[in-house]
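Please read the structure below before turning to the comments.
Sequential numbering from 1 along the given sequence is applied to the chain's residues. We count ligands from 1, going down the list as the structure has it; atoms in each ligand are counted the same way.
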Amino acid sequence: MTVAFKADPQVVKDYLRLFVNRRAYTMQSMRPHPESGRHYYFRPTERGTGAPRMLTEETVRQHLEGEITVGLYAINPSTQRCKWVAIDADYKNAMEDLLKLQYYLGQDKVEPALEMSRRGGHLWILLATPLLAKECRIYIHDLATRLGVPVKSSGLGDGIEIFPRHNAIGDGEFGNAIRGPLGIHRGAARRFWFYGADYTLEAQMAYLNGLQKMTEEELQRFIAGKEMPAGINSPRPEHSPTDRLPRQGARSEFRILEHVGKARKVGRNYVARCPACAEAGHDRGGDNLAILIQDPRFYKCWAGCTKEMIRAALGHPIRVNQTA
Ligand SMILES: [Zn+2]
């Protein structure tokens with residue numbers, strides 16, 4: 001893989017301040033899906049309780065040092081505000097459109113940072129204080145429309161995607177996550193840097209710290225008298241996993257027994273090596289995972305690995321919508 005990077009505690013703190021607006025996050029699966037080869041994103045949970053894991057300084061350190069790759073949500077549902085706006089473009093001529101946007105944002109004295117991605121790039125606008133998602137979206141939509149840059153709406157056709165993807169989200173909703181800047185893309189097995197600075201964490205963070213941050217007063221001025229154009233559809237916001245259970249059951253084709261190798265019958269259960277334990281080098285006895293014979297959709301690791309961890313370890317994470 002890439003050179004090991006050490007993330008200085010100050011770099012971690014700066015990253016949290018600039019990019020982290022809520023503690024819910026997603027994580028990219030370390031293992032590719034066996035058929036598609038893609039590294040899907042999922043919402044990590046706590047071993048034992050299964051509660052959603054919350055993003056901490058330690059999470060950011062691991063992300064920056066390349067041990068894990070996290071996705072960040074734009075909107076904090078308690079305020080409907082975001083700390084940044086990201087424009088994702090990954091189609092043919094995407095870079096041309098991003099450079100055009102970057103140039104015209106510069107005319108407004110907004111100073112966005114251009115991050116490379118696998119195809120195309122991400123343009124990040126950092127905000128002086130958290131600003132209303134809806135107003136940020138009006139600004140970028142209006143600018144894109146004036147420049148003739150296509151905005152992706154319903155999933156058909158090329159265009160930029162604007163994060164936040166929603167004007168507002170409800171309690172227990174997440175919106176869509178985007179790969180946290182400076183993380184290793186698992187599929188590409190490499191880190192994507194910002195163009196504006198040397199390729200070290202310290203130089204990149206110093207560059208981001210030094211950028212002009214858009215203020216509320218500026219945003220108000222840019223969108224004065226403007227509305228969100230009609231007919232712009234946001235994707236259905238994601239709900240917490242409990243809200244999604246019925247839908248998941250309906251479309252689930254995942255069968256744990258096809259993935260655990262040898263399983264032996266013990267009472268009412270099959271018993272096998274837990275894939276999440278195995279990934280960490282544990283469960284050498286091969287008996288941590290119990291699968292209900294009567295209904296193999298129900299399985300449990302006695303060491304406390306959650307369903308999310310087990311699915312991710314198999315390259316079949318319980319997926320969430322995510323832009324990498
Ligand atoms: Zn386990």
Side-chain angles (χ1 to χ4, degrees), residues 1 23-63 65-71 174 177 180 183-184 186-187 189 238-249 251-320 322:
M1 194 165 303
R23 299 286 172 167
Y25 69 105
T26 65
M27 203 168 128
Q28 195 170 24
S29 168
M30 303 300 280
R31 180 159 311 185
H33 186 277
E35 284 101 54
S36 72
R38 297 186 58 185
H39 294 252
Y40 294 107
Y41 281 82
F42 63 101
R43 258 193 302 278
T45 48
E46 293 292 349
R47 188 180 288 271
T49 64
R53 222 185 287 164
M54 295 290 129
L55 191 147
T56 63
E57 283 190 21
E58 175 61 12
T59 320
V60 169
R61 183 194 64 75
Q62 293 180 328
H63 172 78
E65 294 187 357
E67 289 168 36
I68 61 172
T69 302
V70 305
F174 295 94
I184 304 267
R186 295 289 146 197
E238 278 164 21
H239 293 253
S240 61
T242 39
D243 294 341
R244 286 185 313 169
L245 273 178
R247 207 156 56 91
Q248 200 131 60
R251 70 165 175 200
S252 179
E253 291 156 30
F254 177 81
R255 289 186 183 85
I256 185 82
L257 285 169
E258 293 170 7
H259 301 277
V260 293
K262 266 198 318 258
R264 50 188 195 280
K265 283 187 183 182
V266 179
R268 300 190 306 141
N269 297 322
Y270 295 109
V271 168
R273 191 176 189 195
C274 165
C277 288
E279 195 173 53
H282 303 138
D283 193 15
R284 299 206 179 277
D287 58 3
N288 279 5
L289 188 71
I291 304 162
L292 192 62
I293 292 171
Q294 199 187 346
D295 189 347
R297 285 178 305 168
F298 295 94
Y299 51 91
K300 184 178 174 69
C301 167
W302 295 108
C305 300
T306 62
K307 197 167 191 169
E308 284 80 2
M309 293 162 75
I310 292 167
R311 293 277 303 260
L314 292 169
H316 285 268
I318 297 169
R319 285 184 222 168
V320 295
Q322 167 85 34

Q: To the nearest 10 degrees, calculate the angle at the Zn ion (ligand 1) involving SG of Cys274 and SG of Cys305.
A: 110°
Q: Could you grab the angle centred on the Zn ion (ligand 1), going from SG in Cys301 to SG in Cys277, to 10°?
A: 110°
**Q.** Criterion side-chain contact (heavy atoms from CB on, under 4.5 Å) on Thr45 and Arg53, from CA distance to verdict
**A.** CA-CA 5 Å; Thr45 48; Arg53 222 185 287 164; 5.9 Å; no
Q) At their closest point, which heavy atom of Val70 faces which heavy atom of Tyr41, and how far apart are they? A) C-CE2, 4.3 Å
Q | Side-chain donor/acceptor of Gln28 to backbone N/O of His39, under 3.5 Å | A | yes
Q: Please answer whether the main-chain N or O of Ala313 pairs with a side-chain N or O of Arg31 as donor and acceptor at a distance below 3.5 Å.
A: yes
Q. Would you say His282 has an N, O or S atom lying under 2.8 Å from the Zn ion (ligand 1)?
A. no
